[in-house]
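Read the structure below first, then the notes.
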Amino acid sequence: MNLFTFFRDAISAILGRLVSAGTLPATVLDTRLTVEPPRDASHGDVSSNAALVLSKAAGRKPREIAELLAAELRGHPDVAGVEIAGPGFINLRLHPAFWTKRLADILTAGEDYGTSTLGAGKRVNVEYVSANPTGPMHVGHGRGAVLGDALAALLARTGHDVTREYYINDAGGQVDTLARSAYLRYREALGEAITIPEGLYPGEYLKPVGAALAARHGRALLDKPEAAWLALIRAETIAAMMALIRDDLAALGVRHDVFVSERDDVVAKGKVEQAVESLRRRDLVYRGVLEPPKGEKPDDWEPREQLLFRATAFGDVVDRPLQKSDGTWTYFASDMAYHHGKVERGFDRLIDVWGADHKGYVKRMEAAVKALRGDRDTQFEVKLCELVNLLENGEPVRMSKRSGTFVTLREVIDRVGAGVVRFIMLTRRSEQTLDFDFAKVTEQSKDNPVFYVQYAHARTRSVMRQAETALPGLDLSAAALAGVPLDRLQSKAEFVALIKTLAFWPRLLESAAETGEPHRVAFFLYDLAAQFHQLWTHGKDDHELRIVVAEDRDGTLARLALVRAVGYVVASGLRLIGVEPAESM
RNA sequence: GCGCCCGUAGCUCAGUUGGAUAGAGCGCUAGCCUCCGGAGCUAGAGGUCGUGAGUUCGAGUCUCGCCGGGCGCGCCA
């Protein structure tokens, strides 16, 4: 239960009654009001701007409306006090029993607490990673993978029907280059001395591919023209690269439901022609000549007539080419066709996770989806993912594909663990560059957020273990704890404050899902961990805050219930972003 | 030249999708270990939210201009 939507519904119900009674005009029902936690806890537990936003529609002063609503809200069973503050905010103070009931909710639901039906009936496609199948994943791909995977998990958790998708860019010139590079390694495996020319992929990871090709084909492909082997080697090498990438993804704990091949599923099936034809029917393509870009002109620029998509009709700055001068489709054309397919599969919402280097591409894809969705109202959004800077004790790790000092995602995972990688990737907003410092992320201190949050979870577990030895024979199962008298916790503000933070979790999940910002989960977990650690330490000065007190059996049970609930929410959040919670440190 | 992203404490960053007196960590200053795990905790100092207008009951948040940083800009993907 999201308690803020709970009280928003309560206020809406009151408004309905006031309208029926003729006290307020029906127009107030159309106004969007918010119910949220006040920034300052001294203002109460729940705050609404209802009176402020309704003022215009009602034709009355905010304070008058606030008084009307306040009078009704005072009768609500969970409300202990109502205040009108500032220009007309309605602040609710909730009865302490309301909070202990939420604690019981958590113990009953366990790690499912916060699961909601917000997205019920909505089909969402999240496309992420989509690294070109030309080599192992690097750390930047890893960030996109974590972001997309966590976002998909968030959407699923909030009731959406989620498809996790990977688009394989296996149709362009890059995979031909890949095939030629692999062919060289094939010749090398058969004993030839090779040099890798500029422009081909020099990576060692193609050696095993060359060896496998040699084992499978023997010398059959040697001394043949490229046309005789390109398609064959390309297909086998792409398969090998995708196996590599799937391995990397598995090591990170990231999975996809659907892999779509640009070559096999889009181009070969004539989807590009279909998409272009669909645009042509609505007069959205034409042959024309683009203006040269202003500022830095490409040296070899000369005007050419091309097949263009009228992207400017949908908010883009220029129309976009669909065909190269040799008549083949541009990457944009096939990607557009791919998105056309996603629209036709009937999703309500499409989310693409892209690297920030594709920023300049967003507008045209948005335009394409708008053009191709026709009468549907498919929503499309791109989540851009900024760079990751790898550091070693504050010093940048020099990376170069040439010199062989390139650090792959797999190396990072092997060194610090998938859980650490996943958590750290979410400690910044995605559009902010992220520093990943090997020294810091493995440090066992408060500097390291992964450790700090894991320690909080481990501490909840260790307290339970400690309680079992201090007070043998207690039933510490969640079911039993949900049933103990929890009102003992109401006497200490610190306990109630912690419950309030836990009760915020359902709302946090919903807002993170709606905004598509999984980093909010990581920040919430950090704040919750901090609050729990503080409570623990305060128990050293204030004995009433100690959890386990041998001579106070009932109080101990109530406090253990709280500890257990903290453990559930922390574990739930960690698992959501793909991190296994620690039992001990 | 155009488009997009970023600009918040000395540093690294949050900021509840327009709410009330802008927060956290690091660093700095001053404290706290006979006591459920000090792998930590408490207090203090530190801000014209890049800047100038606008929108309104209200702007770090929305709109426009300017300044600074980054990325991108036809036949690469």
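Note that the structure is a prediction, hence the values are computed from the model and not measured. Each chain gets a letter, A, B and so on, in the order the sequences are listed, and its residues count up from 1.
An OP1 or OP2 oxygen of B/C41 is reached within less than 4.0 angstrom by a side-chain nitrogen or oxygen of A/Y452. At B/C33, none of the side-chain N or O atoms of A/K540 fall inside 4.0 Å of OP1 or OP2 (strictly under the cut-off).
Contacts of A/A356 with the nucleic acid, taken as non-hydrogen atoms under 4.0 Å apart, involve only primed sugar atoms and P, OP1 or OP2. No contact: A/V362 has no heavy atom under 4.0 Å from any strand. In this structure, A/Q466 reaches the sugar-phosphate backbone alone: every heavy-atom distance under 4.0 Å involves primed, P, OP1 or OP2 atoms, never a base. Residue contacts shown for A/N91 include a base, since a base heavy atom lies under 4.0 Å away.
A/W505 pairs by the ring-ring contact (aromatic ring centres under 6.0 Å, His included) definition with A/F524, not counting sequence neighbours. Under the salt bridge (charged side-chain N to carboxylate O under 4.0 Å, His left out) criterion, A/D352 pairs with A/K342, not counting sequence neighbours. With sequence neighbours excluded, the residues satisfying salt bridge (charged side-chain N to carboxylate O under 4.0 Å, His left out) with A/D542 are A/K492. Scored by the ring-ring contact (aromatic ring centres under 6.0 Å, His included) test, A/H160 finds no partners at all (sequence neighbours excluded). Take A/D316 and apply the salt bridge (charged side-chain N to carboxylate O under 4.0 Å, His left out) test, not counting sequence neighbours, and it matches A/R320. Not counting sequence neighbours, A/F309 has no partner by the ring-ring contact (aromatic ring centres under 6.0 Å, His included) test. Residues satisfying the salt bridge (charged side-chain N to carboxylate O under 4.0 Å, His left out) criterion with A/R349, sequence neighbours excluded, are A/E381.
Within the structure, every pair that satisfies the side-chain hydrogen bond (donor to acceptor under 3.5 Å, both in side chains) test and touches residues 38-48 of chain A, not counting sequence neighbours, is listed here: A/D40-A/S42, A/D45-A/K500, A/S47-A/N91.
Between B/G60 and B/A14, the distance separating the two C1' atoms is 12 Å to the nearest Å. Comparing the C1' positions of B/C36 and B/A24 gives a spacing of 28 Å, expressed to the nearest Å. Rounded to a whole angstrom, the distance from the P atom of B/U21 to that of B/C28 is 33 Å.
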Study note, to complete from the structure: Reading nucleotides 9-19 of chain B from 5' to 3' and marking B where a protein heavy atom lies under 4.0 Å of the base, S where only the sugar-phosphate is that close, and - otherwise, the string is ---SSSSBS-B

Restricting to nitrogen or oxygen on both sides, can you table the protein-nucleotides 62-70 of chain B pairs closer than 3.5 Å?
from	atom 1	to	atom 2	distance (Å)
B/G70	N2	A/K359	NZ	3.1

What pairs of nitrogen or oxygen atoms, one from the protein and one from nucleotides 75-77 of chain B, lie under 3.5 Å apart?
from	atom 1	to	atom 2	distance (Å)
B/C75	O2	A/S325	OG	2.0
B/C75	N3	A/R304	NH1	2.4
B/C75	N4	A/R304	NH1	2.2
B/A77	OP1	A/G173	N	3.2
B/A77	OP1	A/K324	NZ	3.3
B/A77	O2'	A/N132	OD1	2.8
B/A77	O2'	A/N132	ND2	2.9

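Candidate nucleotides B/G40, B/C57, B/C36 were compared by shortest atom distance to the side chain of A/K56, and B/C57 ranks first.
In RNA chain B, the stems built from three or more successive Watson-Crick or G-U pairs (distances below 3.5 Å) are B:1-7 with B:67-73, B:10-13 with B:23-26, B:28-32 with B:40-44, B:50-54 with B:62-66.
Between A/Y452 and A/H533, the ring planes are tilted. Angles from 30° to 60° get that label. Under the 30°/60° scheme for interplanar angles, the aromatic rings of A/H138 and A/H141 are found to stand perpendicular.
Note that CZ of A/R429 and OG1 of A/T515 are 11.0 Å apart. Values are rounded to the nearest 0.5 Å.
Under the 3.5 Å distance criterion, the side-chain polar atoms of A/S55 are left unmatched by any main-chain donor or acceptor of A/A51.
No more than 12 heavy atoms of other residues, nucleotides or ligands shown are found within 6.0 angstrom of CZ on A/R553.
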Review point. Could you go step by step and tell me if A/Y338 and A/Y167 meet the ring-ring contact (aromatic ring centres under 6.0 Å, His included) rule?
Key: CA-CA 9 Å; A/Y338 166 53; A/Y167 182 52; 3.9 Å; yes

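The glycosidic torsion of B/C32 lies more than 90° away from 0, which places this base in the anti conformation.
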